[in-house]
Every structure is written in structure tokens, then in C-alpha cells.
Novice: 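Take this structure first; my questions come after.
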Amino acid sequence: MKILLLGSGGREHALAWKMAQSTYCEQLFIAPGNAGTAQYGQNLDIAVSDFEKIKTFCVDNGISLVVPGSEEPLVKGIYDYFQQDAALQHIPVMGPSALGAQLEGSKAFAKQFMQRHNIPTAAYREFSEETYEEGVAYLRSHSLPIVLKADGLAAGKGVVIVSDHEEAVAEFTQMIKDAKFGDASKKVVIEQFLTGIELSVFVLTDGRSYRILPTAKDYKRIGEGDTGLNTGGMGAVSPVPFADKAFMQLVEDQVIRPTVAGLEKEQIAYNGFIFFGLIKVDGEPFVIEYNCRMGDPETEVVMPRLQNDLLELFKAVNEGTLSSQTIYEDARVATTVMLVAKGYPEAYEKGKVISNIPAPTQDQLVFQAGTRAAGEDILTNGGRVLTITSLAADLGIALTHSRQTAEIIDFEGKYYRRDIGYEFV
């Protein structure tokens, strides 16, 4: 198979590493990729949502599978673009239709879908500029704390939790009136705050059957002890210690099965990953959010623990034989620690030389995210720079190994959280 992977982050580096191991992988291209993905395939100067350039490349190079890593091309309809073009229809896209991608692309769509299919989630209401005054009144009478979510895509930063009514109104005003998150916050979902512990559950589906991948838990806050601003993710662990067999049975019965059945019932085309952002409340799972792709940095712990050939699983999705596949997990624990640029998630500098990146071993992998090659050097090129994944029999040992390597790798302004997995150690 000749594969085109779309994206440039740590998730895409992990997917490239995984797919390159497959016996089915004849050639791998990554658009646009980063300095790390170049180790496993050929990087291309093509943006993930430049569908015309993607089409030309696929046709000219005999591409047999397209794998979108991030949500952007999926929400913008790359699946539909391929389906509707006679020159591309034979090339499977590993992801949902634009309608299916609305599970991530619109918080309101996702909430309405969950209501229709009795999937447990927090109570909510949605407001726009037309219902702004009604939204303000609703906020002033809402119990504290209050969760406000930009309806559309906001790079993982469109969620605000506030513990004061006036602050809630100010945030709501910034979102609706001042376009704090651009078009993403033209509509705002106001949600009940749930108290519990979060985790990420991933499935691969062909729209009818599904297979559950290794679980993970990521850490969004910039500061230790889960303090400070939200980020795209500062680290992750897999598996999740509290996601035992009994809890995962509840997740499957109450969340996964009704989601996939709902997609099939509504005839929503969906071939690919579903990411369930869950919270465990008094032993019960509730859905915080859906994503239409793998998480980042969760991919960096899930893929090293997945023992299956990933392309064989993708092939089964395309052929409708996923139900005959069995998922195999590495018994070891995986942890990942993200190194970020100084100032992230706010303004940060790029172009810093990165040194001392170790070669991959059976027990540790460094996945690059915001990097670029410049001659012999690798430079920082994003807020989240790289992530260090370690595998060990014990969570504490894996975390120690990730932190030790985090100390060794160097670039100006480097920062990382030293407490990833803190509540389990």
C-alpha cells in the first residue's frame, strides 16, 4: 500500500512510526510532516486542507489509502471530497464523512446526537448572538462552577470553566460578541460541571462494528497539579488504572455501542477512529466530548501499546471485516511527557536548536511534534515540541524514564510537567 498521512504533530509521528512497521506499507508520504516523520516516510509541502493538491498527489503517485491525523481535513469534508470525485473514489479515507466529523466539529451537534441516543452526558443549553440576553440570564442563575464551550473547533482551547457568575458572563460575552475563538464561538454551549476523573477511550469503527483500543489519560493544564491554562496536552499514561473490566463494560454498554448504533441508524458514514473524552462520576461514565480522530498526546502512548498491525486494521475497516479482528495490547505501561516551548500555550518562540534526542529503543521512543529540519540541526517549530514515551512494567518506572530523558534533551526555554500520572503513583 502507498499511504498518505495528513498532519505534522506528535500524533502523526506516532502513526507514521506504527504504519511504517506494517508488512502492507510499501511507501509512506506525510503532508506536511515534521523532522521526526521524515525518518519513516517522505514529507510533502502540502497543507492538510489543500484538497486539490492532495488529489493531484494521490492520482499522480498511485496512493491507496489516505489517513487524516487531525480533525481539520475531516471537518472540512475530505472523505466526501474523495467520495464525490470519480478519480478518487477508489482511494479509502480513514475517517468519517463531514457529517460524522460534526461529532467533533460542533459541540451542539454532538450534544443533540447524545440526547437522541440516550448517551450519558452533562445537562446543557446552547446560545448564539441572537439569544445572547437569554444566555446571560441563564448564566446568572446557573449553579457554580459553569462550563462554557465554543461550539466549533478551537485547537483544544475552546473550553472555559469559571466559578463566578460575573466572570462567566464576561467569558460568554468575549466568546459571542468579541469572537474570542473566532467563528468557533459564534455559538456557545453552556454545560453542567461534572466532578470526577477523566480518561480517553478510543475505538476503530467501520460504521457498524468496532474494536476498542488501549485506554489513555492525558493532562491538559500547563502547570503541575493540573493548574494554569489549558493546552493541547502535556503528557499521557496508558492504560488508565481505574478503567477496570467492570467500568469498561459500562463504557461499552452505555457509550460506545449506542454511539456506533446511532451513526448506523442515522446513516452517517463513519470509517475510522472515534475518541470518547469521558469522565467517571460516582462509578458511571459520562461523555465530555467526541473527537473524530486519535488524541494527541494519547496516540503517543496508545500506538506503542497496540500490538496489532495498524494497516491490517485499516484494511479490515475498508473491507467491512473489522468484527473478525482481535485487539492485542502490550502488557507494559506507557507514559509520555511533552516538552514545550517557553511561553506556551500563549506566545512562544520558534527556531531553537534541539540537542541530545536519543535513538529509539524497545523501551523508549521520542515523537517529534513542533519541529523542523535545518541542515543537520533540528529546530523547534511549535508550542509543543516533542514527547518522550517510555514503556515499563510499572507506571512509576516508566514515568521516571520519561523524566530522565526530558532532562537530557535540550533546547532554549524548554519546559515540561514533572507530575504526569501523579494521581496514580
Novice: Is atom NZ of Lys342 surrounded by more than 12 heavy atoms (other residues, nucleotides or ligands) closer than 6.0 Å?
Specialist: no
Novice: Heavy-atom count check: over 12 atoms from other residues, nucleotides or ligands less than 6.0 Å from Asp244 CG?
Specialist: yes
Novice: Given Lys186 and Ser128, is the side chain to side chain donor-acceptor pair (under 3.5 Å) satisfied, shown in steps?
Specialist: CA-CA 6 Å; Lys186 281 185 173 177; Ser128 62; over 6 Å; no
Novice: Could you check whether any side-chain heavy atom of Val162 comes within less than 4.5 Å of a side-chain heavy atom of Leu148, counting everything from C-beta outward?
Specialist: yes
Novice: So, Thr405 side chain and Ser402 main chain: donor-acceptor pair closer than 3.5 Å or not?
Specialist: no
Novice: Sub-3.5 Å donor-acceptor pair from the side chain of Thr205 to the main-chain atoms of Ser209, do we have one?
Specialist: yes
Novice: Are Phe82 and Phe51 an aromatic pair, judged by ring center distance below 6.0 Å?
Specialist: no
Novice: Is the shortest side-chain N to carboxylate O distance from Lys111 to Glu126 below 4.0 Å?
Specialist: no
Novice: For Gln325, is there any backbone N or O sitting under 3.5 Å from a side-chain donor or acceptor partner on Arg211?
Specialist: yes
Novice: I need the minimum non-hydrogen distance between Leu139 and Ala168, along with the two atoms involved.
Specialist: CD1-O, 3.8 Å
Novice: Can the positive tip of Lys187 be found less than 6.0 Å from the middle of the six-membered ring of Phe127, inside 45° of the ring normal?
Specialist: no
Novice: If you measure only the distance, is there a donor-acceptor pair under 3.5 Å linking the side chains of Glu300 and Thr336?
Specialist: no
Novice: Do Gln39 and Gln368 come close enough that some side-chain heavy atom pair is under 4.5 Å?
Specialist: yes
Novice: Please work out whether the ring planes of Phe109 and Phe113 are parallel, tilted or perpendicular, with thresholds of 30° and 60°.
Specialist: parallel
Novice: Thr173 and Tyr132: side-chain donor and acceptor closer than 3.5 Å?
Specialist: yes
Novice: Are side-chain heavy atoms of Ile3 and Cys25 found at a separation under 4.5 Å?
Specialist: yes
Novice: If we ignore angles and hydrogens, is there a donor and acceptor under 3.5 Å between the side chains of Lys217 and Ser200?
Specialist: no
Novice: Do the rings of Phe273 and Phe314 sit parallel, tilted or perpendicular, given the 30° and 60° boundaries?
Specialist: perpendicular
Novice: Among all residues two or more places apart in sequence or in another chain, which pass the side chain to side chain contact (heavy atoms under 4.5 Å, CB included) test with Ala150?
Specialist: Phe181, Ala184, Ser185
Novice: Ring centroid separation for Phe29 and Phe57, is it under 6.0 angstrom?
Specialist: yes
Novice: Side chains of Asp363 and His401, heavy atoms from C-beta outward: is any pair under 4.5 Å?
Specialist: no
Novice: If the plane angle is over 60° it's perpendicular, under 30° parallel, otherwise tilted; pick one for His13 and Tyr40.
Specialist: tilted
Novice: According to side chain to side chain contact (heavy atoms under 4.5 Å, CB included), who are the partners of Asp394, at least two apart in sequence or on a separate chain?
Specialist: Ile397
Novice: Given side chains that start at C-beta, do those of Glu52 and Tyr81 come closer than 4.5 Å, heavy atoms only?
Specialist: yes
Novice: If you define the side chain from C-beta out and look only at heavy atoms, does anything of Arg305 sit under 4.5 Å from Pro239?
Specialist: yes
Novice: Using the side-chain contact (heavy atoms from CB on, under 4.5 Å) rule, take Asp164 and Leu144 through it: C-alpha gap first, then chi angles, then the decisive distance, then the call.
Specialist: CA-CA 7 Å; Asp164 176 88; Leu144 296 171; 5.7 Å; no
Novice: In terms of heavy-atom contacts, does CG of Asp60 have more than 12 from other residues, nucleotides or ligands at under 6.0 Å?
Specialist: yes
Novice: Report, as yes or no, whether the 6.0 Å neighbourhood of atom CZ on Phe242 holds more than 12 heavy atoms from other residues, nucleotides or ligands.
Specialist: yes
Novice: Looking at His165 and His142, would you say the former's side chain and the latter's main chain have a donor-acceptor pair under 3.5 Å?
Specialist: yes
Novice: For residues Phe367 and Pro304, determine if any side-chain heavy atom of one lies less than 4.5 Å from a side-chain heavy atom of the other.
Specialist: yes
Novice: Would a distance-only check, ignoring hydrogens and angles, find a side-chain to backbone donor-acceptor pair under 3.5 Å from Arg417 to Gly223?
Specialist: yes
Novice: Pair Glu423, Tyr219 - check side chain to side chain donor-acceptor pair (under 3.5 Å), show working.
Specialist: CA-CA 11 Å; Glu423 68 271 67; Tyr219 296 79; 2.8 Å; yes
Novice: How far does CZ of Arg293 sit from CD of Glu104, to the nearest 0.5 angstrom?
Specialist: 4.0 Å
Novice: How long is the gap from CD on Gln102 to OG on Ser97, to the nearest 0.5 Å?
Specialist: 9.5 Å
Novice: May I ask you to test the Asp80-Ile78 pair for a side-chain heavy-atom distance under 4.5 Å?
Specialist: no
Novice: So, for Phe276 and Tyr290, is the gap between ring centers shorter than 6.0 Å?
Specialist: yes
Novice: Would you check if there is a donor-acceptor pair between the side chains of Ser8 and Asn34 at a distance under 3.5 Å?
Specialist: no
Novice: Are any side-chain N or O atoms of Asp206 and backbone N or O atoms of Asn271, one a donor and one an acceptor, separated by less than 3.5 Å?
Specialist: no
Novice: Please walk me through it: do Val237 and Val301 pass side-chain contact (heavy atoms from CB on, under 4.5 Å)?
Specialist: CA-CA 7 Å; Val237 301; Val301 287; over 6 Å; no
Novice: Is the count of non-hydrogen atoms from other residues, nucleotides or ligands lying under 6.0 Å from Gln89 atom CD greater than 12?
Specialist: yes
Novice: Got more than 12 heavy atoms from elsewhere within 6.0 Å of CG, Asp253?
Specialist: yes
Novice: Working to the nearest 0.5 Å, report the span between CG of Asp296 and CD of Glu12.
Specialist: 6.5 Å
Novice: Taking NZ in Lys53 as the centre, count heavy atoms belonging to other residues, nucleotides or ligands within less than 6.0 Å. Is the count above 12?
Specialist: no
Novice: Answer yes or no: does atom CD of Glu319 have more than 12 heavy-atom neighbours from other residues, nucleotides or ligands under 6.0 Å?
Specialist: yes
Novice: Any side-chain to backbone donor/acceptor pair from Thr231 onto Lys220? Under 3.5 Å, distance only.
Specialist: yes
